[in-house]
2 protein chains.
Amino acid sequence: MTDPRWLTEHEQRAWRGYLDMHARLTARLHRDLQADSGLSLSDFDVLVQLTDRDDERARVLELAQALQWEKSRLSHHLARMERRGLVERQECPDDARGAFIALTAQGRRTIEQAAPQHVNTVRDLVFDQLTAEQVDTLLAISTQVQARLDDTQ
Amino acid sequence: MTDPRWLTEHEQRAWRGYLDMHARLTARLHRDLQADSGLSLSDFDVLVQLTDRDDERARVLELAQALQWEKSRLSHHLARMERRGLVERQECPDDARGAFIALTAQGRRTIEQAAPQHVNTVRDLVFDQLTAEQVDTLLAISTQVQARLDDTQ
DNA sequence: CCCAGATAGTTGACGTATCACCAAAGATAA
DNA sequence: TTATCTTTGGTGATACGTCAACTATCTGGG
């Protein structure tokens with residue numbers, strides 16, 4: 001605790017490289033997606049969740065859990081997306097407190113137009129650069145780190 | 001372009017796993033750092049840059065380049081850090097437009113107190129979970145993806 | 001039926017990120 | 001010198017994320 005175990009030179013390079021890669025990668029993905037479709041990465045994630053449902057709608061808390069977002073973040077974000085006509089709120093007959101969030105026609109058109117190019121960019125920038133073994137290792141790393149995150153509360 | 005090459009099932013799992021890991025990992029690191037020292041991860045990065053200099057100060061654009069931040073982001077951020085007493089502005093005699101940003105005594109105390117625990121958390125959550133080969137692969141992945149980012153403008 | 005506590009979702013305040021624009025100072029050339 | 005071009009840095013508007021507080025509704029025990 002008070003006696004730190006510092007990172008080795010090699011670990012420091014790996015850590016810095018990882019942080020820099022992530023910052024630059026998401027900045028590029030965000031910029032391209034925005035230019036291509038006017039969507040942010042967050043918009044994209046919300047719309048993907050909705051298109052994955054049979055009826056293209058979901059309860060707010062359901063979405064929050066699927067996205068791993070705080071409910072207030074989602075609430076603010078949905079208000080902005082609703083203003084832009086990407087989603088709409090529908091009353092929930094079972095529970096008058098609740099609301100359904102539904103994809104609008106414009107929301108569906110937008111995500112259907114944006115997704116192919118976005119996937120191509122991810123492929124170009126990431127998966128085309130990696131070997132199959134590296135992809136395996138990336139998944140293993142993600143799994144192991146998340147297991148530790150789960151362990152430590 | 002119009003004909004997407006979708007990700008394989010395995011690639012999708014790796015991509016989702018990676019995004020989820022990063023979101024959860026940085027959220028945890030941020031929360032712990034904040035609780036321990038009152039610093040944000042951004043504050044931390046700025047302070048590390050300053051402590052790395054001999055005279056514990058730097059020009060604004062120098063910092064912006066080192067951090068890979070936009071100058072306006074840095075300007076706003078420094079204004080807030082200055083208000084909290086972590087850094088101070090000093091006049092630049094060589095160039096009256098310019099400013100030095102210098103670590104304050106409080107800034108130095110804060111980062112020196114915060115860094116060991118932060119490094120321990122990174123080690124606990126990440127490097128203690130990985131084999132040496134996995135760390136190598138992480139560095140290779142970061143390098144390869146950043147090379148592609150460099151290539152594509 | 002009534003009320004306490006839980007649940008669904010929103011709101012407001014504040015810190016932060018980005019964008020576009022601005023201003024002051026320096027550099028360069030006529 | 002003046003004109004203009006570049007560099008250094010800041011500002012204000014707007015969007016976003018988080019926290020705490022809030023409203024409205026539901027649910028279970030008396």
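Chain naming here is simple, since letters A, B, ... match the order of the sequence lines and numbering starts at 1 in each. Below, each value reflects all heavy atoms present in this structure, side chains not excepted, and no hydrogens, waters or symmetry copies.
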- State which of C/dG15, C/dT18, D/dG10 makes the closest approach to the side chain of B/S75. D/dG10

- Counting side-chain heavy atoms from CB outward, which of C/dA8, D/dG17, D/dT8 is closest to A/L61? C/dA8

- Rounded to whole Å, CE of A/M81 lies from P of C/dG9 at a distance of 16 Å

- Query: In terms of side-chain heavy atoms, does B/D124 have a donor or acceptor partner in B/T121 at a distance below 3.5 Å?
  - Reply: no

- Note on the structure: Taken to the nearest whole Å, CG/B/L33 to P/C/dG15 is 18 Å

- Message: Within the 3.5 Å criterion, strictly below it, is a donor on B/Q134 or B/Q129 matched to an acceptor on the partner's side chain?
- Response: no

- Send over the distance from A/E70 CD to D/dA20 P, rounded to a whole Å. 10 Å

- Query: Would you find a donor on one side and an acceptor on the other, under 3.5 Å apart, between the side chain of A/D43 and the backbone of A/S40?
  - Reply: yes

- Task: Tell me which of A/R31 and A/L74 sits closer to the 5' end of DNA chain C, going by the nucleotide each one is nearest to.
- Result: A/L74

- Task: Rounded to the nearest angstrom, tell me the gap between atom CG in A/D94 and atom P in D/dT25.
- Result: 15 Å

- Message: Is the ring pair B/F44/B/H118 parallel, tilted or perpendicular, if the boundaries are 30 and 60 degrees?
- Response: tilted

- State whether the distance check finds a donor on one side and an acceptor on the other, under 3.5 Å, for side chain A/S72 versus base D/dC19. yes

- Contact under 4.0 Å: A/R80 side-chain N or O vs D/dC16 OP1/OP2: yes

- Query: DNA chain D: A/H77 or A/P93, which has the more 5' nearest nucleotide?
  - Reply: A/H77

- B/R73/B/D45 ion pair, N-O < 4.0 Å: no

- Using atom CG of A/L39 as one end and atom P of D/dC16 as the other, report the distance to the nearest whole Å. 11 Å

- More 5' along DNA chain C: A/A99 or B/D95, using each one's nearest nucleotide? A/A99

- Message: C/dG9, OP1 or OP2 - any side-chain N/O from A/R59 closer than 4.0 Å?
- Response: yes

- Message: Using whole Å, what does the distance between atom P of nucleotide D/dA15 and atom CG of A/L41 come to?
- Response: 18 Å

- Nucleotide of C/dT11, C/dA24, D/dC26 approaching B/R97 most closely (side-chain heavy atoms): C/dA24

- Item | Interatomic distance where CH2 belongs to A/W69 and P belongs to C/dA8 [whole Å] | 19 Å

- Item | Flag for A/R28-B/T152: side-chain donor and acceptor within less than 3.5 Å | yes

- Message: Base, sugar-phosphate or nothing for B/A79? Non-hydrogen atoms, less than 4.0 Å.
- Response: nothing

- Residue A/H76, side-chain heavy atoms: nucleotide from C/dA20, C/dA13, D/dC16 that is nearest: C/dA13

- Nucleotide nearest A/V60 when distance is taken to its side chain, options C/dG9, C/dG15, D/dT18: C/dG9

- Query: Do the ring planes of B/W69 and B/H77 sit parallel (below 30°), tilted (30 to 60°) or perpendicular (above 60°)?
  - Reply: perpendicular

- Among C/dC21, C/dA8, C/dT11, the one nearest B/K71 by side-chain distance: C/dC21

- Starting from P on D/dT8, measure out to CD on B/E91 and report it in whole angstrom. 18 Å

- Message: Using the rule side chain to side chain donor-acceptor pair (under 3.5 Å), only one of B/R53, B/R57, B/Q49 pairs with B/E62; which is it?
- Response: B/R53

- Where DNA chain C forms stems, i.e. three or more consecutive Watson-Crick or G-U pairs with both distances under 3.5 Å: C:1-30 with D:1-30

- Would you tell me if any nitrogen or oxygen in the side chain of B/S42 comes within less than 4.0 Å of OP1 or OP2 on C/dA17? yes

